[in-house]
Student: 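There's a structure below that I have some questions on.
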Amino acid sequence: MVKVFLVAGARPNFMKIAPIYAEMKKYPEWFEPIIVHTGQHYDERMSKIFFEDLKMPKPHIYLGVGSGTHAHQTAQIMIAFEEILLKYRPDLVLVVGDVNSTIACSLVAAKIRYPETRNHPAIGHVEAGLRSFDRDMPEEANRVLTDHLSDILFTTCSDGGKNLAHEGIPAEKVVFVGNVMIDSLVQFLPLARSSTVLDDLNRTFSERLREPLQEKAFALATLHRPSNVDSSESLSMILEAFAEISRDVPIVFPMHPRTQKLMKGLPDKTRRAIDQNPVLITDPLGYLDFLFLEQAAKLVLTDSGGVQEETSFLNIPCLTLRPNTERPITLTEGTNRLVPLEKEAIIDFAGKSLNGTVKQARSIRFWDGRAAERMVAYLEANRERFI
Ligand code: UD1
Ligand code: UDP
């Protein structure tokens, strides 16, 4: 029996561990999956709601670390994670994505030695090999370091494997299984389609809308990258562009708490622009409601990593407000386009997406709802390596 820690901490981690947990639970004679939530994200709408929407049990272990500077948050996670590693002694630690919880837990797992065996648990990185080649992004350090600490690197696409080879990671550590985030999407899309979120939004914003929101007649936005939202100038610039675009299509904007915090310091001009136009700001949404809006949107504007992938799978036009992406496959095979971070460019790209020919996505290998199945089959076949 392989005892596995499935580590999650931030919103995009929950969609990634859910299918792995469900798959492992099919084989109780082989795996004992234990969900460890670091508490990096903790608001109900950034955490608890996903356990309900994704039909996961409550985390078995909750570290409750909360927010802080990078150093503080990473260190708090490390201290708490070391204690539970020593207490539970898992054989395998699976970390996902590129957030601070990912690097903190993989670093602890790599250095710990269980007293009797002098071994450390095997470390598996899910979504390995992605690179933006932009060291200004905190996530890029997390990705590179986690990959180099890991014993098994599960990749989502071929460029991930190429990046790892280029960095000298031995090919036998790399396993191309596909995209577990798409597993969740495939599983939950039918349920998401019965969401009532559009009616709810129409009730909430009835006074701001000339006519009710309808499928394929609104845009969906998310923003949370520090480079976009931590400075009032760039956040204002983007919001003023959104105000302009919303004259063509209303924009539904479920706002990340990081961005909400920055809204207080906005200049009056920006505040007026979004108040006088249908830029409809809500709290972050649950997974099923958000998925409904993604598949019903005419256009998505985002700086999220996961949303670039989901829109490519759903064949919904996506404009990514970033100078680069660690997910170039969404540009070449998907619906994604990078937009220069200037007000006129954002308005221009949105206009062309809304009124011109839209880019059609091609299907991407192993983005098919079966990545967790491949991963767990690999782990089962190689389980003597972990115990
Ligand atoms: C983190 C990840 C980022 C990921 C994003 C997904 C890192 C370095 N960043 O960014 O890669 O794309 O999650 O959403 O790991 N806050 C709350 N309530 C919460 C969580 C956060 O109010 O439940 C606020 C706090 O003020 C906090 C701020 O948001 O300081 C930022 O949270 P943090 O987890 O540090 O980074 P994110 O911007 O969420
Ligand atoms: N998402 C959600 N509610 C929202 C915004 C996003 O459920 O209000 C989902 C989205 O469908 C995707 C994931 O959150 O599955 C992406 O997370 P996020 O953008 O926070 O992180 P990133 O992928 O950029 O690291």
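Order of listing sets the numbers, starting from 1, for every ligand and every atom in it. If you're wondering where the values come from, they're calculated on a predicted model, not measured in any experiment.
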Student: Without swapping roles, check the side chain of S150 against the backbone of I152 for a donor-acceptor pair under 3.5 Å.
Tutor: no
Student: Give the atoms of ligand 1, by number and element, whose distance to some non-hydrogen atom of P12 is under 4.0 Å.
Tutor: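 This gives 6 (C), 14 (O) as the contact atoms.
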Student: Give the atoms of ligand 1, by number and element, whose distance to some non-hydrogen atom of R225 is under 4.0 Å.
Tutor: 11 (O), 12 (O)
Student: Can you check side chain to side chain donor-acceptor pair (under 3.5 Å) on N179 and E127, steps first, answer last?
Tutor: CA-CA 7 Å; N179 193 328; E127 205 182 83; 6.0 Å; no
Student: Determine, using ring centers only, whether H148 and H125 are less than 6.0 Å apart.
Tutor: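 Judged by ring-centre distance (under 6.0 Å), H125 and H148 do not meet the cut-off.
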Student: Hey, what do you get for OG1 (T302) to CG (L319), rounding to the nearest 0.5 Å?
Tutor: 10.0 Å
Student: Determine, considering heavy atoms only, which of H256, R45, E139 sits nearest to atom 3 (C) of ligand 1.
Tutor: E139
Student: Check Y287 against ligand 2 and report side chain, backbone, both or neither, counting heavy atoms closer than 4.0 Å.
Tutor: both
Student: Please determine, by modelled atom types, if S312 and N336 share a side-chain donor-acceptor pair under 3.5 angstrom.
Tutor: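 Note: S312 and N336 side chains miss the donor-acceptor criterion.
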Student: With a cutoff of 4.0 Å, is R45 in contact with ligand 2, counting heavy atoms of the residue only?
Tutor: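 In this structure, R45 fails to qualify as a contact of ligand 2 - no heavy atom is under 4.0 Å.
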Student: Taking 4.0 Å as the limit for heavy-atom contacts, which would you say applies to R258 with ligand 1: side chain only, backbone only, both, or neither?
Tutor: both
Student: Using a 4.0 Å cut-off to any heavy atom of M46, which atoms of ligand 1 qualify?
Tutor: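 Those of ligand 1 that fall under 4.0 Å from M46 are 23 (O).
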Student: Between F14 and H41, is the gap from one ring center to the other below 6.0 Å?
Tutor: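 F14 vs H41: aromatic centres not under 6.0 Å.
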Student: Classify the contact between E139 and ligand 2 as side chain, backbone, both or neither, using a heavy-atom distance cut-off of under 4.0 Å.
Tutor: neither
Student: For ligand 2, note which part of S304 has a heavy atom under 4.0 Å away: side chain, backbone, both or neither.
Tutor: both
Student: Using a 4.0 Å heavy-atom threshold (strictly under), name the region of H41 that reaches ligand 1: side chain, backbone, both or neither.
Tutor: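 It is both parts that get close, each with some atom under 4.0 Å.
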Student: Does some non-hydrogen atom of S184 fall short of 4.0 Å from ligand 2?
Tutor: no
Student: If you measure from each non-hydrogen atom of S304 to ligand 1, which part falls under 4.0 Å: side chain, backbone, both or neither?
Tutor: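 Within the 4.0 Å criterion, S304 makes no contact with ligand 1.
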Student: Are any of the N or O atoms of R11 closer than 3.5 Å to those of ligand 1?
Tutor: no
Student: State if Q73 counts as touching ligand 1 under the rule of any non-hydrogen atom under 4.0 Å.
Tutor: yes
Student: For ligand 2, find out whether one of its N or O atoms is nearer than 3.5 Å to an N or O atom of E310.
Tutor: yes
Student: Considering both backbone and side-chain atoms of N142, is one of its nitrogen or oxygen atoms within less than 3.5 Å of a nitrogen or oxygen in ligand 1?
Tutor: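 Between N142 and ligand 1, no N or O pair is found under 3.5 Å apart.
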Student: Within less than 4.0 angstrom of ligand 2, does E309 place any heavy atom?
Tutor: no
Student: Which of the atoms in ligand 1, numbered in the order shown and given with their element, are less than 4.0 Å from a heavy-atom of K261?
Tutor: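 With K261 as reference, the close atoms of ligand 1 come out as 26 (O), 30 (O).
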Student: Where does R225 meet ligand 2, judged by heavy-atom distances below 4.0 Å: at the side chain, the backbone, both, or neither?
Tutor: side chain
Student: Under 4.0 Å from any heavy atom of H224, which atoms of ligand 1 are there?
Tutor: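 In order of numbering, the contacting atoms are 4 (C), 5 (C), 6 (C), 12 (O).
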Student: Quick one: does H70 get within less than 4.0 Å of ligand 1, heavy atoms only?
Tutor: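 The answer is yes: ligand 1 sits under 4.0 Å from a heavy atom of H70.
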Student: Is it the case that the side chain of D303 and the backbone of R322 share a donor-acceptor pair, with hydrogens and angles ignored and the cut-off at 3.5 Å?
Tutor: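 The answer is no, because no donor-acceptor pair under 3.5 Å joins these two groups.
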Student: M181: heavy atom below 4.0 Å from ligand 2, yes or no?
Tutor: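 Judged by the 4.0 Å heavy-atom criterion, M181 does count as contacting ligand 2.
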